[in-house]
J.: 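Got a structure for you, questions after.
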Amino acid sequence: MKKADLITQLDTAIKRAHAPYSQFHVGAVITDENGNNHAGCNVENAAYPSGCCAEQSAVSNMIVNGGKKIKDIYIKSSSDMACPPCGNCRQIISEFSDQETTIHMLDGKNQVTSCTLEQLLPSKFNADWLKTE
């Protein structure tokens, strides 16, 4: 995907975010294993913390549309700084990731900082812990 198209999708998601309490708008776009893109935005709720983060929203969109694995996830916020996923989102991203998954965080000037999930969430809890034999 062209960087300009990706930025347009992220900026659209940020504009559609429902963040009347924090005023912190976040957009996320996932590229799945088939090359399809799935956008999400944060949706706050007056009953904090029962809202939904942009990354969670994008994962849900991916699942609804038949995607199974996150190849890349792009995250951008209304802040000038690059926005990393929160701890809960790191765990959710890990559920649908593999060692090839890359997290890309864009700052206000659309400069990208990229890393692996392992760098963001070492020693993650995943399905391997639930295996009983």
Side-chain angles (χ1 to χ4, degrees):
M1 169 192 313
K2 295 179 185 175
K3 186 175 179 182
D5 294 339
L6 174 67
I7 290 168
T8 297
Q9 286 184 351
L10 285 166
D11 288 341
T12 298
I14 290 168
K15 288 177 189 168
R16 293 183 179 164
H18 178 74
Y21 308 105
S22 71
Q23 301 302 312
F24 188 71
H25 298 77
V26 182
V29 174
I30 288 173
T31 302
D32 69 18
E33 74 278 13
N34 299 312
N36 298 317
N37 291 333
H38 311 279
C41 64
N42 59 317
V43 179
E44 293 179 350
N45 187 300
Y48 265 104
S50 64
C52 180
C53 293
E55 299 90 335
Q56 296 170 22
S57 176
V59 166
S60 293
N61 190 2
M62 177 185 76
I63 297 301
V64 164
N65 288 297
K68 303 285 186 220
K69 286 285 179 198
I70 299 170
K71 180 180 175 203
D72 293 282
I73 182 166
Y74 303 85
I75 306 161
K76 185 179 176 186
S77 74
S78 55
S79 169
D80 287 336
M81 298 184 297
C83 182
C86 72
N88 189 47
C89 286
R90 292 174 194 208
Q91 182 63 41
I92 291 168
I93 292 166
S94 76
E95 185 75 14
F96 301 97
S97 296
D98 58 26
Q99 297 207 23
E100 303 298 316
T101 300
T102 306
I103 295 96
H104 308 277
M105 299 157 283
L106 285 77
D107 66 17
K109 294 181 181 177
N110 297 319
Q111 298 299 310
V112 180
T113 302
S114 300
C115 63
T116 65
L117 181 63
E118 184 66 27
Q119 291 171 309
L120 281 181
L121 189 63
S123 303
K124 64 184 174 282
F125 181 85
N126 61 21
D128 294 340
W129 289 96
L130 303 176
K131 292 179 182 172
T132 57
E133 293 185 87

J.: List in chain and number order the residues that pass salt bridge (charged side-chain N to carboxylate O under 4.0 Å, His left out) with Asp11, two or more places apart in sequence or in another chain; answer none if no residue qualifies.
T.: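 Only Lys76 meet the salt bridge (charged side-chain N to carboxylate O under 4.0 Å, His left out) criterion with Asp11.
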
J.: If the condition is side chain to side chain donor-acceptor pair (under 3.5 Å), which residues does Gln119 pass it with, not counting sequence neighbours?
T.: Thr116

J.: What residues, two or more places apart in sequence or in another chain, satisfy salt bridge (charged side-chain N to carboxylate O under 4.0 Å, His left out) together with Glu33?
T.: none

J.: Excluding sequence neighbours, so at least two apart, what forms ring pair (Phe, Tyr, Trp, His ring centres under 6.0 Å) with His104?
T.: Tyr74

J.: Would you list the pairs meeting salt bridge (Lys or Arg N to Asp or Glu O under 4.0 Å) in which at least one residue belongs to residues 104-123, sequence neighbours left out?
T.: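 Every salt bridge (Lys or Arg N to Asp or Glu O under 4.0 Å) pair that includes a residue of residues 104-123, provided the two are not neighbours, is Glu118-Lys124.
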
J.: Taking all atoms of both residues into account, what is the closest heavy-atom pair of Ala19 and Asn42, and its distance?
T.: CB-ND2, 3.8 Å

J.: side-chain contact (heavy atoms from CB on, under 4.5 Å) with Ser50: which residues, sequence neighbours excluded?
T.: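 Checked Ser50 against side-chain contact (heavy atoms from CB on, under 4.5 Å); matches are Asn45, Ala47.
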
J.: For residues 14-24, which residue pairs pass the side-chain hydrogen bond (donor to acceptor under 3.5 Å, both in side chains) check, not counting sequence neighbours?
T.: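 Every side-chain hydrogen bond (donor to acceptor under 3.5 Å, both in side chains) pair that includes a residue of residues 14-24, provided the two are not neighbours, is Ser22-Glu44.
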
J.: Which residues satisfy the side chain to side chain donor-acceptor pair (under 3.5 Å) test with Asn65, sequence neighbours excluded?
T.: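 Partners of Asn65 under the side chain to side chain donor-acceptor pair (under 3.5 Å) test: Asn61.
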
J.: Determine the minimum heavy-atom distance between Ser57 and Gly40, stating which atoms define it.
T.: OG-CA, 3.4 Å

J.: Rounded to the nearest 0.5 Å, what separates atom CG in Asp32 from atom OG1 in Thr101?
T.: 11.0 Å

J.: Taking the side chain as every heavy atom from C-beta outward, state whether Gln56 and Asn88 have any atom pair closer than 4.5 Å.
T.: yes

J.: Per the salt bridge (Lys or Arg N to Asp or Glu O under 4.0 Å) rule, what does the pair list look like for residues 50-73, sequence neighbours excluded?
T.: none

J.: Quick one: pull up CG in Leu106 and NZ in Lys3 and give me the separation to the nearest 0.5 Å.
T.: 6.5 Å

J.: Which atoms form the tightest heavy-atom contact between Ala13 and Cys41, and what is the distance?
T.: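 Reported closest heavy-atom pair: O-CB, 3.2 Å.
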
J.: How does the hydrophobic cluster around Phe96 look, that is, which other residues are in it when side-chain heavy atoms under 4.5 Å mark a link?
T.: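 Members alongside Phe96: Phe24, Val26, Ile30, Val59, Met62, Ile63, Ile70, Ile73, Ile75, Ile92, Ile93, Ile103, Met105, Leu117, Leu120, Leu121.
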
J.: Could you list the cluster mates of Val43? Members are the ILVMFWY residues connected by side-chain heavy atoms closer than 4.5 Å, either directly or through other members.
T.: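 Direct or chained contacts put Val43 with none.
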
J.: Determine which pairs satisfy salt bridge (Lys or Arg N to Asp or Glu O under 4.0 Å) with at least one residue from residues 88-100, sequence neighbours left out, and list them in order.
T.: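 Found none.
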
J.: Atom CG of Asn110 and atom CG of Leu10: how far apart are they, to the nearest 0.5 Å?
T.: 8.0 Å

